[in-house]
Engineer: 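Here you go, one structure.
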Amino acid sequence: MASAAAAGAPPGPAAPKSRKSVTGTRRTVAALFLLPALVLLGALVVYPIGYSVVRSFYNASGDGFAGFDNYKALFTDDGIRTALKNNVIWVVFAPTVSTALGLIFAVLTERVRWGTAFKLVVFMPMAISMLAAGIIFRLVYDQDPDKGVANAVWVGVHDTFAQSSAFPKAHPGRQSPLKADGGGFITSAPVHAGQPVTLPLVGVAPEQMPGGAKKAVAARAEPGKITGTTWQDFTRGKGVGRLGAPDPSELGYAGMRIEAVKDGTVVASAEAAGDGTFTLPASADGALLRLPASNFKEPYNGVDWLGPALVTPAVIGSYVWMWAGFAMVLIAAGLAGVPRELLEAARVDGANEWQVFRKVTVPLLAPVLAVVVVTLMINVLKVFDLVYIIAPGSSQDDANVLALELYRKGFAEGQPGIASAIAVFLLLLVIPLMLFNVRRLRREVRR
């Protein structure tokens with residue numbers, strides 16, 4: 001009976017099993033394996049963050065409690081406020097432009113045969129360190145067009161439409177009939193027909209004369225016309241040459257513009273030939289001859305890319321050059337997962353390529369674009385190298401960002417309390433972006 005009762009009785013509770021992790025290993029063993037990583041994480045991440053938080057409440061010497069004074073300085077110090085303003089500009093424009101370029105590159109190179117090679121070239125700057133990129137772009141933005149690529153291109157385009165003068169340094173010498181006139185020069189006395197005029201100038205080295213310049217000759221008198229010569233009245237060698245008359249080795253100012261002015265009105269004009277001679281009609285009789293300021297315009301020297309006004313956009317440009325390839329690769333990976341049947345269905349329904357891109361491709365890529373933008377925002381908040389290297393000392397204050405100001409306060413100005421407050425403030429700015437990325441990644445995993 002006992003055995004029968006025992007046989008009919010429900011089975012008792014199973015013996016407790018040892019707790020194991022998902023991988024089947026004991027939790028204690030797993031913890032032991034994780035311990036070195038946790039120690040490193042605590043030493044390299046947790047402790048520095050905690051120390052920075054504590055240090056941000058102390059003064060510069062570290063032996064006096066400053067309360068929230070260091071945090072108040074974040075909004076009262078002019079340098080930090082400029083850095084904060086620039087960081088806002090960086091966060092708004094740098095990720096947006098990089099992501100937009102990455103999207104354009106990824107979409108346009110999807111169907112071309114050489115798309116992979118193009119993507120490799122665009123991604124290549126990612127292999128360059130920030131230090132090297134900063135040095136490269138410091139040269140690219142050099143003010144001298146002979147050194148800086150940006151200004152070389154800019155000056156080339158400018159001079160195509162507005163050629164600068166070949167005589168920017170020319171000016172009247174001794175015994176010259178010319179006097180200054182609003183950036184140009186004008187004769188002291190009126191000129192008359194049949195009497196050749198001499199308009200000598202100095203200040204231009206022979207090797208800097210225009211290519212069309214020829215040996216200057218004295219103009220011949222012509223009845224009813226004003227004739228003359230404008231030339232470089234200078235011959236190398238002590239005591240060599242005559243003042244006020246062309247010598248055999250002296251060159252004419254080819255292309256020099258001459259205007260005849262009566263009562264402030266230009267009545268005639270001419271352009272000097274290669275030998276410097278010119279001819280004006282009879283209407284110029286009794287007029288003053290003027291060499292307008294356009295003859296002496298300084299050469300266009302390009303844009304001051306690293307000046308106070310443009311230094312921040314210039315540095316952002318170098319950042320975009322580096323990180324557009326990163327955005328392109330991530331977006332291209334997302335684009336590869338877009339269902340092609342949806343794109344084809346949109347085309348069958350009559351949508352053109354722009355409508356397919358705007359209403360189908362971009363919405364499907366929205367999760368990838370969000371991850372790229374947020375990742376670049378986190379990266380931008382920490383930007384330091386490019387600003388420190390590219391911006392010259394004269395405009396570094398105008399290009400300042402929070403990471404650079406942290407360095408300057410902590411090491412150059414000896415204010416570690418304020419530097420720690422900036423570090424904590426940067427951490428608080430980064431945390432929401434990190435949480436956003438983590439949540440989005442978890443959603444992607446659940447799908």
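Side-chain atoms are counted along with the backbone in the values below, which use heavy atoms only and exclude waters and symmetry mates. Note that this is a predicted model, so its numbers are computed, not measured. Residue numbers run from 1 in the order of the sequence given.
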Engineer: Does any non-hydrogen side-chain atom of Leu343 lie less than 4.5 Å from one of Thr361?
Structural biologist: yes
Engineer: Go through the steps for Leu364 and Leu342 under the test side chain to side chain contact (heavy atoms under 4.5 Å, CB included), then give the verdict.
Structural biologist: CA-CA 10 Å; Leu364 291 174; Leu342 295 179; 3.9 Å; yes
Engineer: Taking Glu405 for the side chain and Ala419 for the main chain, is one N or O donor matched with an acceptor at less than 3.5 Å?
Structural biologist: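 No, the answer is negative, given that no donor and acceptor are paired below the 3.5 Å cut-off.
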Engineer: Residues two or more places apart in sequence or in another chain: which of them pass side-chain hydrogen bond (donor to acceptor under 3.5 Å, both in side chains) with Arg340?
Structural biologist: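 Listed in chain order: Glu110.
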Engineer: Once rounded to the nearest 0.5 Å, what's the spacing between atom OG1 of Thr229 and atom CG of Leu199?
Structural biologist: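 Thr229 OG1 to Leu199 CG: 8.0 Å, rounded to 0.5 Å.
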Engineer: Does CE belonging to Met434 count more than 12 external heavy atoms closer than 6.0 Å?
Structural biologist: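 No, CE of Met434 has 12 or fewer neighbouring heavy atoms, counting only those of other groups under 6.0 Å.
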Engineer: Out of curiosity, Leu427 CG to Ile422 CD1, how far, rounded to the nearest 0.5 Å?
Structural biologist: 14.0 Å
Engineer: Which heavy atom in Ala260 sits nearest to a heavy atom in Ala284, and how many Å separate them?
Structural biologist: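 The answer is CB-CB, 3.5 Å.
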Engineer: Work out which heavy atom in Pro246 is nearest to a heavy atom in Ala218; give both atom names and the distance.
Structural biologist: CG-N, 4.0 Å
Engineer: Is there a donor-acceptor contact under 3.5 Å linking the side chains of Asp275 and Thr277?
Structural biologist: yes
Engineer: For Tyr319, enumerate each residue passing the side-chain hydrogen bond (donor to acceptor under 3.5 Å, both in side chains) test, keeping only those at least two apart in sequence or located in another chain.
Structural biologist: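 Per chain and number, Tyr319 pairs via side-chain hydrogen bond (donor to acceptor under 3.5 Å, both in side chains) with Asn379.
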Engineer: Any salt bridge linking Arg408 with Asp397? Criterion: basic side-chain nitrogen under 4.0 Å from a carboxylate oxygen.
Structural biologist: yes
Engineer: Would you check, one step at a time, whether the test side chain to side chain contact (heavy atoms under 4.5 Å, CB included) holds for Val383 with Trp90?
Structural biologist: CA-CA 9 Å; Val383 70; Trp90 271 88; 4.0 Å; yes
Engineer: Treating Asp385 as the side-chain partner and Met130 as the backbone partner, does any N or O pair qualify as donor plus acceptor under 3.5 Å?
Structural biologist: no
Engineer: Going through the checks in order, is the side chain to side chain contact (heavy atoms under 4.5 Å, CB included) test met by Leu84 and Leu402?
Structural biologist: CA-CA 6 Å; Leu84 186 59; Leu402 288 175; 4.0 Å; yes
Engineer: Give a yes or no answer on whether the side chain of Ser249 reaches the backbone of Thr235 with a donor-acceptor pair at less than 3.5 Å.
Structural biologist: no
Engineer: If only atom types and distance count, is the side chain of Ser176 paired as donor or acceptor with the main-chain N or O of Leu178 below 3.5 Å?
Structural biologist: yes
Engineer: For Ala399, is there any backbone N or O sitting under 3.5 Å from a side-chain donor or acceptor partner on Thr312?
Structural biologist: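 Answer holds: no.
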Engineer: For Glu353, give me all partners under side-chain hydrogen bond (donor to acceptor under 3.5 Å, both in side chains), at least two apart in sequence or on another chain.
Structural biologist: Arg347
Engineer: Got a second to check how far Thr187's OG1 is from Asp181's CG, nearest 0.5 Å?
Structural biologist: 9.5 Å
Engineer: Once ring-ring contact (aromatic ring centres under 6.0 Å, His included) is applied, what residue pairs with a partner in residues 378-404 remain, sequence neighbours excluded?
Structural biologist: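 Matches after skipping sequence neighbours: Phe384-Tyr388, Phe384-Tyr407, Tyr388-Tyr407.
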Engineer: Is any side-chain heavy atom of Leu335 less than 4.5 Å from a side-chain heavy atom of Val338?
Structural biologist: yes
Engineer: Quick one: does Ser395's side chain have a donor or acceptor within less than 3.5 Å of a partner on Asp398's backbone?
Structural biologist: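 The answer is no, because no donor-acceptor pair under 3.5 Å joins these two groups.
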Engineer: Treating Thr227 as the side-chain partner and Thr279 as the backbone partner, does any N or O pair qualify as donor plus acceptor under 3.5 Å?
Structural biologist: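 No; zero donor-acceptor contacts below 3.5 Å.
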Engineer: Say you draw a straight line from CG of Leu376 to OG1 of Thr96; how long is it, rounded to the nearest 0.5 Å?
Structural biologist: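 Those atoms lie 9.5 Å apart.
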Engineer: Under the 3.5 angstrom rule, does the side chain of Asn400 hit a backbone N or O of Thr82 as a donor-acceptor pair?
Structural biologist: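 Absent.
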Engineer: Using the side-chain hydrogen bond (donor to acceptor under 3.5 Å, both in side chains) criterion, which residues pair with Arg138? Sequence neighbours excluded.
Structural biologist: none
Engineer: Check Asp285 with Lys225, please: is the shortest side-chain N to carboxylate O separation under 4.0 Å?
Structural biologist: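 No, this pair does not count.
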Engineer: Please round to the nearest 0.5 Å and tell me the distance separating atom CD of Gln355 and atom CG of Asp349.
Structural biologist: 11.0 Å
Engineer: Quick one: sort the His158 and Tyr300 rings into parallel, tilted or perpendicular, breaks at 30° and 60°.
Structural biologist: parallel
Engineer: Crowded around Lys215 NZ? As in, over 12 foreign heavy atoms under 6.0 Å?
Structural biologist: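 Not buried by this count: 12 neighbours or fewer within 6.0 Å.
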Engineer: Not counting sequence neighbours, list each pair that qualifies as a ring-ring contact (aromatic ring centres under 6.0 Å, His included) and has a residue in residues 251-275.
Structural biologist: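 Listed by first then second residue: Phe167-Tyr253.
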Engineer: Report yes or no: does Asp233 contribute a side-chain atom to a donor-acceptor pair with the main-chain N or O of Val202 at less than 3.5 Å?
Structural biologist: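 No; zero donor-acceptor contacts below 3.5 Å.
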Engineer: Taking only residues at least two apart or on different chains, which pairs with a member in residues 51-60 satisfy side chain to side chain donor-acceptor pair (under 3.5 Å)?
Structural biologist: Ser56-Tyr71, Asn59-Ser61
Engineer: Sequence neighbours excluded, which residues qualify as salt bridge (charged side-chain N to carboxylate O under 4.0 Å, His left out) partners of Lys169?
Structural biologist: Glu298
Engineer: In Å, rounded to the nearest 0.5 Å, how long is the span from CG of Leu381 to CG of Leu429?
Structural biologist: 6.0 Å
Engineer: Does one side chain, of Glu259 or Ser269, offer a donor that lies under 3.5 Å from an acceptor on the other?
Structural biologist: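 The answer is no; no qualifying pair exists.
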Engineer: Taking side chain as C-beta onward, heavy atoms only, is Ser394 less than 4.5 Å from Pro308?
Structural biologist: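 No, their side chains stay 4.5 Å or more apart.
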Engineer: Kindly indicate whether the side chain of Val303, heavy atoms from C-beta on, has any atom under 4.5 Å from the side chain of Tyr141.
Structural biologist: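 No, too far: nothing below the 4.5 Å cut-off.
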Engineer: Any ring-ring contact (aromatic ring centres under 6.0 Å, His included) pairs touching residues 326-355, not counting sequence neighbours?
Structural biologist: Trp323-Phe326, Trp354-Phe357
Engineer: Does any part of the side chain of Arg290, heavy atoms only, come nearer than 4.5 Å to the side chain of Val266, both counted from C-beta?
Structural biologist: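 Yes, close enough: below the 4.5 Å cut-off.
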Engineer: Should Val197 and Leu289 count as side-chain neighbours, where that means a heavy-atom distance under 4.5 Å?
Structural biologist: yes
Engineer: Tell me every residue that passes side-chain contact (heavy atoms from CB on, under 4.5 Å) with Val45, counting only those two or more places apart in sequence or in another chain.
Structural biologist: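 In terms of side-chain contact (heavy atoms from CB on, under 4.5 Å), with neighbours along the sequence ignored, Val45 is linked to Leu41, Ile49.
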Engineer: Could you tell me whether the side chain of Lys119 and the main chain of Phe105 form a donor-acceptor pair under 3.5 Å?
Structural biologist: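 No, the answer is negative, given that no donor and acceptor are paired below the 3.5 Å cut-off.
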Engineer: Please report the shortest heavy-atom distance between Leu201 and Ala170, naming the atom on each side.
Structural biologist: CD1-CB, 4.3 Å
Engineer: Going by ring-ring contact (aromatic ring centres under 6.0 Å, His included), name the pairs with one or both residues in residues 173-192, residues two or more places apart or in two chains.
Structural biologist: Phe185-Phe296
Engineer: Taking the side chain as every heavy atom from C-beta outward, state whether Asp77 and Lys409 have any pair of such atoms under 4.5 Å apart.
Structural biologist: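 Counting from C-beta outward, Asp77 and Lys409 do come under 4.5 Å.
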Engineer: With sequence neighbours excluded, give me every side chain to side chain donor-acceptor pair (under 3.5 Å) pair touching residues 415-425.
Structural biologist: Glu413-Gln415
Engineer: Take Ile389 and Ile135 through the side chain to side chain contact (heavy atoms under 4.5 Å, CB included) test and state the conclusion after the steps.
Structural biologist: CA-CA 7 Å; Ile389 296 168; Ile135 294 173; 4.2 Å; yes
Engineer: Tell me whether Trp154 at atom CH2 has more than 12 heavy atoms from other residues, nucleotides or ligands lying less than 6.0 Å away.
Structural biologist: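 No, the 6.0 Å shell around CH2 holds no more than 12 heavy atoms from other groups.
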Engineer: Please report the shortest heavy-atom distance between Lys72 and Thr76, naming the atom on each side.
Structural biologist: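 Heavy atoms only, the tightest pair is O-OG1, 3.1 Å.
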Engineer: Taking side chain as C-beta onward, heavy atoms only, is Asn301 less than 4.5 Å from Pro145?
Structural biologist: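 Sidechains of Pro145 and Asn301: in contact.
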